Amino acid sequence: MVELRRDEVVTRIDPADGGRIVSLVIAGDERILPKSRARARQPALYWGCYPMVPWAGRLSRGRIPTNDGEVRLEPNLPPSAIHGLGFDKSWDVVEQSEAAVTMVCELRGLGWPFGGRASQTLRMGTKSLELELRVGDYTRAGPAGLGWHPWFTRPSGGDIEVRVDSSEVLVLDADFVPTGEVRAVARSEDLRSGPPLGDRRLDHIYVRAKGPAVVRWPDLELRIEYDTSLQTVVVYTPPEGICVEPQTMWPNAPLLAASGVQGTGLRTLEPGHTLTAATRWTWKVRTPVGIGSPQPV
């Protein structure tokens with residue numbers, strides 16, 4: 001286990017379990033859903049914060065059209081192949097310090113016919129956590145997408161608020177796979193004001209989103225900063241946790257792009273090229289209304 005520490009903030013990463021963040025303690029409370037509270041242990045989708053690489057989200061029946069014919073991946077959440085290949089693989093630590101770690105994961109031999117290597121760096125600041133993800137070294141041209149899938153804890157008392165600056169979501173089929181259509185958010189889906197979630201259950205793909213996204217516990221505000229390469233944000237709100245997932249591509253982007261849908265964010269990566277994405281989490285303690293302004297951790 002890798003531990004990064006700055007003042008009273010502690011991040012723990014497990015390279016052997018998908019290179020994921022398994023714990024983030026800020027202001028004395030756990031902010032990342034632990035494995036012990038996950039709804040299921042397998043597939044390893046339901047806890048921590050893990051990188052999504054070399055694609056993000058669902059691929060319908062694992063289908064990827066290419067110029068050399070269709071590639072079929074084994075569905076890991078039937079009927080879809082979901083969230084890439086790295087979340088349940090071991091990552092190798094190649095560099096580590098008190099406040100940063102870099103890990104790599106070889107994609108060759110994982111059923112990914114395009115080859116390649118993924119790397120990620122996590123870096124702690126005094127009031128921030130920077131996450132950088134990269135994929136490259138393809139042996140033949142193929143699709144590429146990146147993202148993060150954090151599972152945030154719900155508070156033991158009070159509600160949680162989520163802000164995502166987007167007015168549009170993707171239309172999904174019965175398997176929660178995008179059809180390629182885009183529609184306006186309904187009132188219950190509109191997160192632009194950062195509303196309390198209450199008991200609403202979302203599993204929505206917000207598009208053309210502008211950063212930052214914001215998650216607010218009663219005692220803490222966490223901002224998820226991202227640039228224009230990460231305009232797709234999935235929000236998932238089951239009872240056990242909250243997921244706010246910035247990513248570079250729509251789920252099912254290879255099939256949608258092949259059918260002529262524009263704006264999916266799909267990147268076709270040529271040998272010798274790389275795709276990189278970065279996000280930055282910053283936080284501040286919230287004080288009760290009427291007592292004063294939020295103070296930094």
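If you're wondering where the values come from, they're calculated on a predicted model, not measured in any experiment.
Between E240 and R37 no salt bridge is recorded (no basic side-chain N to carboxylate O distance below 4.0 Å).
In this structure, the side chain of R154 does not engage the main chain of I160 through any donor-acceptor pair within 3.5 Å.
Under the rule for a ring pair (Phe, Tyr, Trp, His ring centres under 6.0 Å), the partners of F114 that lie at least two apart in sequence or sit in another chain are W112. For H149, the ring pair (Phe, Tyr, Trp, His ring centres under 6.0 Å) partners two or more places apart in sequence, or in a different chain, are Y50, H83, W151.
With contacts defined as side-chain heavy-atom distances shorter than 4.5 Å, the pair L230/W148 qualifies. At a threshold of 4.5 Å between non-hydrogen side-chain atoms, the residues V233 and S166 do not count as touching. Annotation: side chain of L133 is not in contact with side chain of V135 (no heavy-atom distance under 4.5 Å). By the 4.5 Å heavy-atom criterion applied to side chains, E189 and V235 are not counted as neighbours. In this structure the side chain of P65 reaches within 4.5 angstrom of the side chain of P254, judged on heavy atoms.
Sequence neighbours left out, not one pair with a member in residues 250-267 passes side chain to side chain donor-acceptor pair (under 3.5 Å). The stretch residues 15-28 participates, sequence neighbours left out, in these side chain to side chain donor-acceptor pair (under 3.5 Å) pairs: S23-E30. Residue pairs meeting the side chain to side chain donor-acceptor pair (under 3.5 Å) criterion with at least one member in residues 97-106, sequence neighbours excluded, are T102-T121, E106-R108, E106-R117.
Annotation for G48 and I32: closest pair CA-CG2, 3.5 Å, computed over non-hydrogen atoms. The two residues G198 and D159 make their nearest non-hydrogen contact at N-OD2, 2.9 Å. Of all heavy-atom pairs spanning L275 and L146, the tightest one is O-CD1, 3.5 Å.
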Can you give the donor-acceptor pairs under 3.5 Å from side chains of residues 87-95 to other protein atoms, not counting sequence neighbours?
{"unit_1": "K89", "atom_1": "NZ", "unit_2": "L85", "atom_2": "O", "d": "3.2"}
{"unit_1": "W91", "atom_1": "NE1", "unit_2": "G18", "atom_2": "O", "d": "3.3"}
{"unit_1": "W91", "atom_1": "NE1", "unit_2": "G86", "atom_2": "O", "d": "3.0"}

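Connection of V101 to L24 is established within a shared hydrophobic cluster, with ILVMFWY side chains joined at heavy-atom distances below 4.5 Å, either directly or through further cluster members.
Judged by distance alone, the side chains of D68 and T66 never bring a donor and an acceptor atom under 3.5 Å apart.
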